[in-house]
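For reference, the structure is listed below as structure tokens.
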Amino acid sequence: EVQLLESGGGLVQPGGSLRLSCAASGFTLSDYAMSWVRQAPGKGLEWVSVLYSGHGGSYYGDSVEGRFTISRDNSKNTLYVQMDSLRAEDTAIYYCAKDQVRGGVALWGFDHWGQGTLVTVSS
Amino acid sequence: QSALTQPPSASGSPGQSVTISCTGTSSDVGGYNFVSWYQQHPGKAPKLMIYEVNKRPAGVPDRFSGSKSGDTASLTVSGLQAEDEADYYCSSYSGSSAGVFGGGTKLTVL
């Protein structure tokens with residue numbers, strides 16, 4: 001059974017840093033594109049970042065470009081996002097999401113999601 | 001990466017059909033067949049309902065269907081049931097290895 005479990009959320013001051021983790025089970029993380037998606041309180045979903053499978057690249061939404069870094073530890077089957085220079089508008093529940101793939105191509109349809117971890121940026 | 005446009009709300013009575021639209025541009029919805037739809041109940045993680053415009057994952061009822069015409073994608077829910085009341089989000093690949101979501105539609109079953 002595919003499972004995704006996020007952790008690492010919490011309260012951080014503006015300008016601070018936080019690293020979120022997403023532990024995967026039931027599949028090999030490096031075989032799939034994985035994204036982080038966030039949802040501010042009472043708001044809609046926002047795509048944040050993607051890490052493609054294998055030696056694929058990483059890409060970011062405009063709002064986090066240059067401040068967030070996505071990575072993966074294959075030995076731990078875990079996805080990460082390092083969040084630096086945090087702002088109040090980064091306050092959200094952060095979900096990791098597994099993409100579907102066909103023939104090595106990501107389909108941009110996220111078929112499994114974690115339960116989310118809340119990040120609050122406030123002084 | 002501008003958000004896709006969805007109506008904020010939609011409603012229908014049990015047994016009826018309702019269609020939710022999702023309007024983008026030729027750079028996202030109109031340019032690729034990587035359009036997906038998600039259902040989210042309060043306090044829960046999103047659930048994939050439709051991918052690649054009109055494909056249903058295993059376990060999703062065939063009451064849910066998707067389509068696309070030009071820059072606008074649509075999700076139709078037929079035979080509305082009480083458990084279909086939720087927020088629905090569309091999403092699309094937007095080129096340059098980026099994704100974009102719609103603002104969400106709150107579906108109310110009257």
Side-chain angles (χ1 to χ4, degrees), chain A residues 1-6 9 22 32-65 68 70 92-103 105-118, chain B residues 1-9 20 22 24 27-29 31-60 64 66 73 75 86-106:
Chain A
E1 179 189 7
V2 171
Q3 289 192 340
L4 297 168
L5 184 62
E6 300 97 337
C22 170
Y32 295 87
M34 295 293 298
S35 279
W36 286 96
V37 176
R38 69 184 182 183
Q39 186 169 33
K43 302 297 184 181
L45 301 174
E46 179 187 8
W47 176 81
V48 172
S49 179
V50 63
L51 178 60
Y52 283 108
S53 61
H55 298 289
S58 56
Y59 300 87
Y60 303 89
D62 291 341
S63 61
V64 306
E65 178 80 57
F68 288 17
I70 192 172
I93 295 172
Y94 285 74
Y95 297 99
C96 63
K98 170 186 166 293
D99 203 343
Q100 301 181 93
V101 65
R102 182 186 305 120
V105 175
L107 302 183
W108 287 86
F110 307 127
D111 60 351
H112 289 88
W113 296 64
Q115 86 292 345
T117 186
L118 177 63
Chain B
Q1 296 171 4
S2 299
L4 306 175
T5 300
Q6 297 181 233
S9 63
I20 299 170
C22 170
S27 296
D28 38 61
V29 173
Y32 307 94
N33 286 327
F34 295 135
V35 176
S36 54
W37 289 89
Y38 301 87
Q39 176 191 67
Q40 187 180 36
H41 286 109
K44 301 295 186 181
K47 175 186 176 183
L48 180 66
M49 304 303 284
I50 296 288
Y51 67 99
E52 286 188 284
V53 177
N54 57 14
K55 295 180 171 63
R56 275 188 311 276
V60 172
F64 291 85
L75 173 72
D87 293 326
Y88 290 84
Y89 295 91
C90 62
S91 177
S92 175
Y93 177 64
S94 61
S96 302
S97 296
V100 62
F101 282 92
T105 297
K106 181 176 181 61

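Residue numbering restarts at 1 for every chain, and letters A, B, ... go by the order of the sequence lines. We use all heavy atoms of the structure for the numbers below, so side chains are in, but hydrogens, waters and symmetry mates are not. From a predicted model like this one, the values you see are computed outputs, not experimental measurements.
In this structure, the portions of Phe110(A) lying under 4.5 Å from any heavy atom of chain B include both its backbone and its side chain. For Val48(A), no part sits under 4.5 Å from any heavy atom of chain B, backbone or side chain. In this structure, chain A has no heavy atom under 4.5 Å from any part of Pro57(B). At a 4.5 Å heavy-atom cutoff, the contact between Ala106(A) and chain B is made by backbone atoms alone. Residue contact with chain A, scored on non-hydrogen atoms closer than 4.5 Å, involves the backbone of Lys44(B) exclusively. For Ser96(B), the part lying near chain A is the backbone, with the side chain staying farther off; criterion is any non-hydrogen pair under 4.5 Å.
Residue Leu107(A) holds its CG atom at 7.5 Å from OH of Tyr51(B), rounded to the nearest 0.5 Å.
Of all the listed residues (Gly104(B), Ser97(B), Gly103(B), Gly102(B)), the one sharing the greatest number of non-hydrogen pairs under 4.5 Å with chain A is Ser97(B). The choice from Lys55(B), Met49(B), Glu52(B), Lys47(B) that makes the most heavy-atom pairs within less than 4.5 Å of chain A is Glu52(B). With chain A as the partner, the residue from Pro46(B), Ala45(B), Ser36(B) showing the most heavy-atom pairs under 4.5 Å is Pro46(B).
Aromatic pair Trp113(A)/Tyr38(B): ring centres closer than 6.0 Å. Separation of the Trp108(A) and Phe34(B) ring centroids does not fall under the 6.0 Å cut-off.
Residues Gln39(A) and Gln40(B) meet the side-chain proximity criterion, which asks for heavy atoms closer than 4.5 Å. A heavy-atom distance below 4.5 Å is not found between the side chains of Trp47(A) and Ser91(B). Within the 4.5 Å cutoff, the side chain of Leu48(B) has heavy atoms near those of the Gln100(A) side chain.
Summarising the geometry of Val37(A) relative to Phe101(B), their closest heavy-atom pair is CG1-CE1, 3.8 Å, with the distance given to 0.1 Å.
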